[in-house]
Amino acid sequence: EIEVDTSKDYADINIGVSFGQNEHPYFVAMEKGILAALENYGLSESNYNLLVADSSLETQVSQIENLITMGCDAILLNPYDSAGVVNAVNEAVSADIPVITMDIDCEGSAAFIASDNYEIGSMLASYIGDALEGKGAIAIIDGISVTSLQDRTNGFNDTMAEKYPDIEIVAEEYTAQERDEALASAETILQAHPDIAAFVGVNENSGMAIKAAVAAAGLSDSILVTTVDATQENLLAIKNGEVAVGVAQNPYLMGWQAVELAMNAYAGQEIATDELYTTEIDYMNTDNVQEFIDREEGYGIEIE
Amino acid sequence: MADVIVKMEGISKTFGGIKALNNVHLELQAGEVHALMGENGAGKSTLMKILTGVYSKEAGHVYLRNEETGSLDEVEMKSVLMGLQNGLCMVFQELNLLDNMTVAENIYLGREPIDGPYMLNRKELNDRAREQLKKVKLNVDPNMPLSGLSPAEKQCVEIAKALSFDSRVIIFDEPTSSLSASETKTLFSIINELKSQGRCIVYISHRMEEVFEICDRITVFRNGEYVDTKKAKETNEAGLIKLMIGRDLEGEPNQGSEFVNRNNVVLEVKNVKIFPDSKPVSLKLYEKEILGMFGLVGAGRTELSRIIFGIDGISEGEIYIKGKKVDIKSPKDAIDAGIGLVPEDRKGLGLVLGMSIKDNMLISKLRQLKSAFLKKEELKSITGTYTSDLSIKMGNENQEVKELSGGNQQKVVIAKWLAMEPDILIMDEPTRGIDVGAKSEIYDIMKKLAGQGKSIIMISSEMEEIQKVSDRVMVLHAGSVTGELDIKEANKNNIMQAAFGGVGNE
Amino acid sequence: MNREKVKIGALRELLLVIILIVMCIVWTIMNKNFATVNNVMNILRVASYTAIASVGMTMIIIIGEIDLSAGSLVCVSGLSAALIVKGTNNIVLGIIAALVIGALVGLFNGVVCAIGKLPGFIATLASMTILRGIAYIITGGNSVVWTNQMFSKIGTGYVGPIPVPVLIMIVVVIFGVILTTKIRFGRYIYAVGGNSNASRWSGISVEKVKIIVYVIMGVLTSIAGLIITTRLGSGQPSAGTGFEMDCITAVVVGGTSMAGGKGKVMGTIVGVLLIATLTNGMTLVGIDTYWQQVIKGAIIVVAVLIDSKGKSAN
Amino acid sequence: MNREKVKIGALRELLLVIILIVMCIVWTIMNKNFATVNNVMNILRVASYTAIASVGMTMIIIIGEIDLSAGSLVCVSGLSAALIVKGTNNIVLGIIAALVIGALVGLFNGVVCAIGKLPGFIATLASMTILRGIAYIITGGNSVVWTNQMFSKIGTGYVGPIPVPVLIMIVVVIFGVILTTKIRFGRYIYAVGGNSNASRWSGISVEKVKIIVYVIMGVLTSIAGLIITTRLGSGQPSAGTGFEMDCITAVVVGGTSMAGGKGKVMGTIVGVLLIATLTNGMTLVGIDTYWQQVIKGAIIVVAVLIDSKGKSAN
Ligand SMILES: Nc1ncnc2c1ncn2[C@@H]1O[C@H](COP(=O)(O)OP(=O)(O)OP(=O)(O)O)[C@@H](O)[C@H]1O
Ligand SMILES: Nc1ncnc2c1ncn2[C@@H]1O[C@H](COP(=O)(O)OP(=O)(O)OP(=O)(O)O)[C@@H](O)[C@H]1O
Ligand SMILES: [Mg+2]
Ligand SMILES: [Mg+2]
């Protein structure tokens, strides 16, 4: 937990936020956390500036530059890619603006709040490996186009190769970033491999696309489907039994904590560079899905 | 024949199954003006395009005189550039200038004077261009964009460009079809000068009087075949026509039609201003009448037709059709009011070049058909009538219009408006580029239409044509009417006098 | 003569079809699952929404314009329908809303382009950006989920063995072919694209033609939007990104000239099928996703090259 | 006549500049940080790489073609340079490699388009897809990071108060203006775009002109790629996505006609600055990203509308 000096006057604080990708439920939750934390200090939307980089590193870099120009007191950054924002982050640092990274770290950040994407992939692999008792054929839709996806993909593949050498990945498509592409891939893969035991999605888009394709092919009973993130669609699908398992992160908490760190920096407190604040990641399945539904609804996110 | 500088032998060329040229030969001499004549689609332009390297030939040989040894050497003309380097230059039938560039840039395109290895020398460019423009007596700033020029001025630029190449052989493909009398005169003096310099000029035209005025020899083609070469002095108009179309053309002097119904005014234009600073114009067009409208370039005839057809707004005055005042705001309104217009600029305004002959002919007609669904048979019967009436030379109706010869394209434009069956047909230079045979067919059609109760305004710069078909002649000068003559009293003198702004007989 | 021309025309269209057939044979040999009813239906279903919007895009390109807003409109029309179905549970209302929005966006594009005299490129680039912004604003970045199972059937249902989207595609293609070849208005499309001045002088209201074509495009795009959204199972503010490029590619691969005045709806459909089959086959065979891109690019060039050489050879 | 035309031309260009100035005034009033040296340099730096490639894109569009591969080429050229600098620590080698790759891709596009007679749209669409695939294949999705600080200076360094990319931009713009207006070759670009047949018949090698313009475009794009990559501090297989659209938009907003034959490099630069200033101002003022998109779309339409009305009114 992060300690904050609540006696200070934060009324004039100006926090810049930059998300690397477009808004989607994951970032919506993160934003909710940010706003809730601000509110906790009696602050409002006027104390922060949210910019979304539309999956473009160039855009994100100029957005960071603009945040510096605006004289932000702290920047909460979800980098589109860790290596690609370094120069801009250094610029912020030399302007004495602390940068707190969320989800994906980068060099120069004052603090990093994360859930470990590699670990997410690894958890998916362990779950599948155990459920299939170490053997069988599976397919996966993953990707290397974004750091978070790439880490999950690596985590999954590494763990599979290490712990479950007898499980064969018979098909892999890097189309997880776009749902319609993922759906087309999933449908086609099921044509070639209707007999797989599990079909792994490493994010909401791939998970939901696989769910739809498996259902349409009438294979829901024989194929284990996975997904990632406690989003509305994922939670409902798990609740309905269409998806066997998901890994939940807690973006809301990430946002909340990032604000607290920013407050500390504003108050003149040293933030140890590179300190890692991890948020929990957990399995979600039919047994515990209600907990996550309740958690998210508690955050003010519509689920049911 | 020591002076032969070009010899073409056994030339053949087909376009997608159509035999455009079949075993044709031609010999050109230094210091002569050589006319090429023949019906539309006879292959004149194609032969010259083969000579200058635009098209490749399928069979045959081309020989050029080697200026050093004097011998005739066979050459394979691979590109226009190569043609130019060999002293062959052509003024194309269709304008080939660039609207987006200046006059000077057009003239020296590809040969711009440069400073050092790359730098464009604009001053030198403009100076040189001014020199060339002087030759064709065109008084425009070489630095102005070409798009600001009238068609006639553009044609002069094209000629100036050709002269600038300093070629041995200069080919003019219907250069006068958009020129008026005075510009034509200038061109002829240029041609005579070139001839005296020992150059060879190839002159393609459908205008007999021009051909006899300046040409030394005449070669006639028919249907892609060589027919004969004659000395101009040794033949005459009738003989040529016979060679060209294989029969005689009967021609009686025009007395005007007795059917013109002077009691029924079909179209009346009242006090319309053609140019902001000109006197208002009024005219009446009667039922069954062909009104010839003569004037020099810039007289405002085209402008007047644009106003009637709803292209340009009407600032002052009124237009009445069959006694009813009309407010025509667009060509669509005009067509609905029963007006058709064969425009002067067939490439830009008359045709959709990439569309089929059939579709071009039907495009204005379609809105009159009852059903929105196209009925093949119905359409075919419409197009069939006019392709045969106008004897359009083509492969088939589905061919793209741009593949037709110039004259045949013009026929398609006319067919398109005939198909629409307008009550009032305005024809702006309708026989531009059309051969003598087809011309007389078109005149017949016009007369037949008038006989059937239609009325026609024919804008023309050809005196002969005006005299041949009009029932009444109206002469415009600088945007106002300077003469109105019944055909019986109209002659070349009083028409010309009015055209120059002389005494009007309003 | 006449017969010869017909042959040439047929051969020209045939060439792409031949390429498509050859491709099918290759995939059949390489993977036993390719030539199954299921997989063919799969291909057709994936092709369906691109095909539907591409019918409109063909007309847009024939009139010499372009529509970059298709992808964003797919998204906004689908989202609106999803929001309405979610809120009211009334499918008809949702569908009508989507179509009306499509028509309105088309109207906007058409009016800016025809009356405002802006290039369609600019007009639709603007609406592309605006609509995408709106998509995120109305959803706040969230997915829109509905519960009405019937609504989902638009994208996922079957009539007999045939997926509903494929049926819709067939209807739209027939509509497109009739419109462009059998109807008076179709001639106007080609005329306007070939030479808009000459068309105006022939009594065609060029503005009206452009606007109508854009409205048709808008409506067809929103049909595609309905299919995509219901197929995905939720409304996504990011849906349809890059969709316009898929359509334009299909149109151009299908032999329609970007210069306007020329093109065929059936050619476009062959183009769509070619690309869908290629992607499907490569996935079945298990080619790496990014190698698929490389191969796809290469095959598009080769196919169009063969096609255009075949054309000019005649 | 002549004098009149010149006046019109000047006024026409002025209109966009006036819109730009008005916009700057608005932002200056609304935010104190706008009119600072730092921020202006920021705007110019963001504008620089788009401007550099847009100079090439202007020429491409003037010859009546298009280049969709710019975004992918930005990526591949930057990646190659990054890989080489990482491996050899030799900056010159890296830069040369990027430029050579740019030239080769341009050559490919140009040859397919000019000799293969494919529309530039298809040729570059294919290379776009292929290059993007290659970017992911050679990196495996990873960023490429180097240690040479000098290399990073290309994108991040300063000469006095002026960022290096801005200096490069100035050089490229001067090159572009001279090429299109002062050099003989520039006339050929306009000629080919205006009427390629008439150009050919005047002895211009249309093919050569097209190929050279595509090669120039390739080289300029790879310069943009070098700047973007070094500015980001790493080579990214996703870099440059959508970059071609930014360039095309700037060119068209700057008054160059998609129909070819007409356009000005300086107009394009004004277009780039207009869009960069708009984005910067909206961000500074704190407008929500998605509202920014809506406003941007609307302003592009309005600006081009005013511009084209101003043009036709004269
Ligand atoms: N590019 C082309 N494609 C197809 N056919 C063509 C092409 N150019 C010419 N033709 C055909 O070749 C024949 C000869 O045409 P050409 O233009 O040489 O005739 P012309 O004698 O110049 O006629 P005009 O007096 O009408 O200009 C015509 O039948 C024409 O349709
Ligand atoms: N008094 C004038 N005021 C303004 N413009 C004029 C005037 N006289 C001539 N013009 C211009 O001259 C050009 C030629 O006019 P128009 O085409 O109507 O003449 P025409 O009699 O049809 O001659 P042509 O034989 O060239 O067709 C037009 O572009 C017109 O704008
Ligand atoms: Mg001819
Ligand atoms: Mg006229």
Side-chain angles (χ1 to χ4, degrees), chain A residues 14 16-23 27 31 45-72 79-91 95 104 106-108 142-147 149-151 153-154 174 177, chain D residues 31-34 36 38-43 45-47 49-50 71 74-75 82 132-133 135-137 139-146 152 155-156 224 227-243 246 276 279-290 292-293:
Chain A
N14 189 351
V17 185
S18 170
F19 291 159
Q21 300 177 48
N22 261 319
E23 289 255 35
F27 291 110
E31 197 187 348
E45 279 191 51
S46 61
N47 292 90
Y48 94 131
N49 254 300
L50 171 69
L51 296 169
V52 180
D54 201 4
S55 297
S56 159
L57 209 41
E58 299 95 274
T59 307
Q60 184 161 45
V61 166
S62 45
Q63 286 180 344
I64 296 170
E65 286 169 357
N66 285 338
L67 289 173
I68 298 169
T69 307
M70 286 162 77
C72 284
Y80 184 65
D81 178 275
S82 37
V85 293
V86 173
N87 288 335
V89 168
N90 285 338
E91 231 177 281
I104 293 164
C106 75
E107 211 177 291
D142 49 13
I144 55 174
S145 54
V146 202
T147 314
L149 276 183
Q150 195 185 18
D151 288 349
T153 304
N154 290 338
Y174 291 153
Q177 221 189 342
Chain D
N31 192 293
K32 64 177 183 347
N33 295 311
F34 180 80
T36 59
N38 249 335
N39 190 50
V40 171
M41 287 305 153
N42 249 349
I43 295 177
R45 191 167 48 194
V46 170
Y49 42 87
T50 315
V74 152
C75 170
R132 184 64 67 188
Y136 278 100
I137 292 169
T139 59
N142 292 306
S143 315
V144 179
V145 187
W146 59 88
S152 303
T156 58
I227 295 176
I228 292 178
T229 309
T230 51
R231 180 173 131 86
L232 297 179
S234 73
Q236 304 280 332
S238 68
T241 312
F243 180 72
D246 297 346
T279 311
N280 176 278
M282 289 195 293
T283 309
L284 284 190
V285 171
I287 296 174
D288 176 275
T289 312
Y290 296 108
Q292 287 193 18
Q293 291 193 9

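Every chain is numbered from 1, with letters handed out A, B, ... down the list of sequences. Bear in mind that the values here come from a model prediction, so they are computed numbers and not experimental data.
Only the side chain of D:R45 has a heavy atom closer than 4.5 Å to any heavy atom of chain A. If you measure heavy-atom distances from D:L284 to chain A, the contacts under 4.5 Å come from both the backbone and the side chain. At a 4.5 Å heavy-atom cutoff, the contact between D:T230 and chain A is made by backbone atoms alone. Neither the backbone nor the side chain of A:Y174 comes within contact range of chain D; no heavy atom of the residue lies under 4.5 Å from a heavy atom of that chain. Of the two parts of A:T69, the backbone and the side chain both hold a non-hydrogen atom closer than 4.5 Å to a non-hydrogen atom of chain D. Within the 4.5 angstrom heavy-atom criterion, only side-chain atoms of A:E91, from C-beta onward, approach chain D. For D:Y49, the part lying near chain A is the side chain, with the backbone staying farther off; criterion is any non-hydrogen pair under 4.5 Å. Heavy atoms of D:F34 lying under 4.5 Å from chain A are absent altogether. Heavy atoms of D:N38 lying under 4.5 Å from chain A are absent altogether.
D:T289 places a side-chain N or O within 3.5 Å of a backbone atom of A:V52 that can act as its donor or acceptor partner. Side chain of A:E58 to main chain of D:A239: no donor-acceptor pair is present (N/O by atom type, distance under 3.5 Å, no hydrogens or angles).
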A:L51 vs D:Q292, test: side chain to side chain contact (heavy atoms under 4.5 Å, CB included). Steps then yes/no.
CA-CA 10 Å; A:L51 296 169; D:Q292 287 193 18; 4.1 Å; yes
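Chain A forms the most heavy-atom pairs under 4.5 Å with one residue out of D:G141, D:S152, D:G235, D:G233, and that residue is D:G141. When each of D:T139, D:D288, D:N142, D:N31 is checked for heavy-atom pairs under 4.5 Å with chain A, D:N142 comes out on top.
Residues A:D54 and D:Y290 bring no donor and acceptor atom of their side chains to less than 3.5 Å of each other. Checking A:D81 against D:S143 by side-chain atom types alone, a donor-acceptor pair falls below 3.5 Å.
Summarising the geometry, atom CD belonging to A:E65 is positioned 11.5 Å from atom OG1 belonging to D:T283; distances are rounded to the nearest 0.5 Å.
The side-chain heavy atoms of D:N280 and A:N66, taken from C-beta on, include a pair separated by under 4.5 Å.
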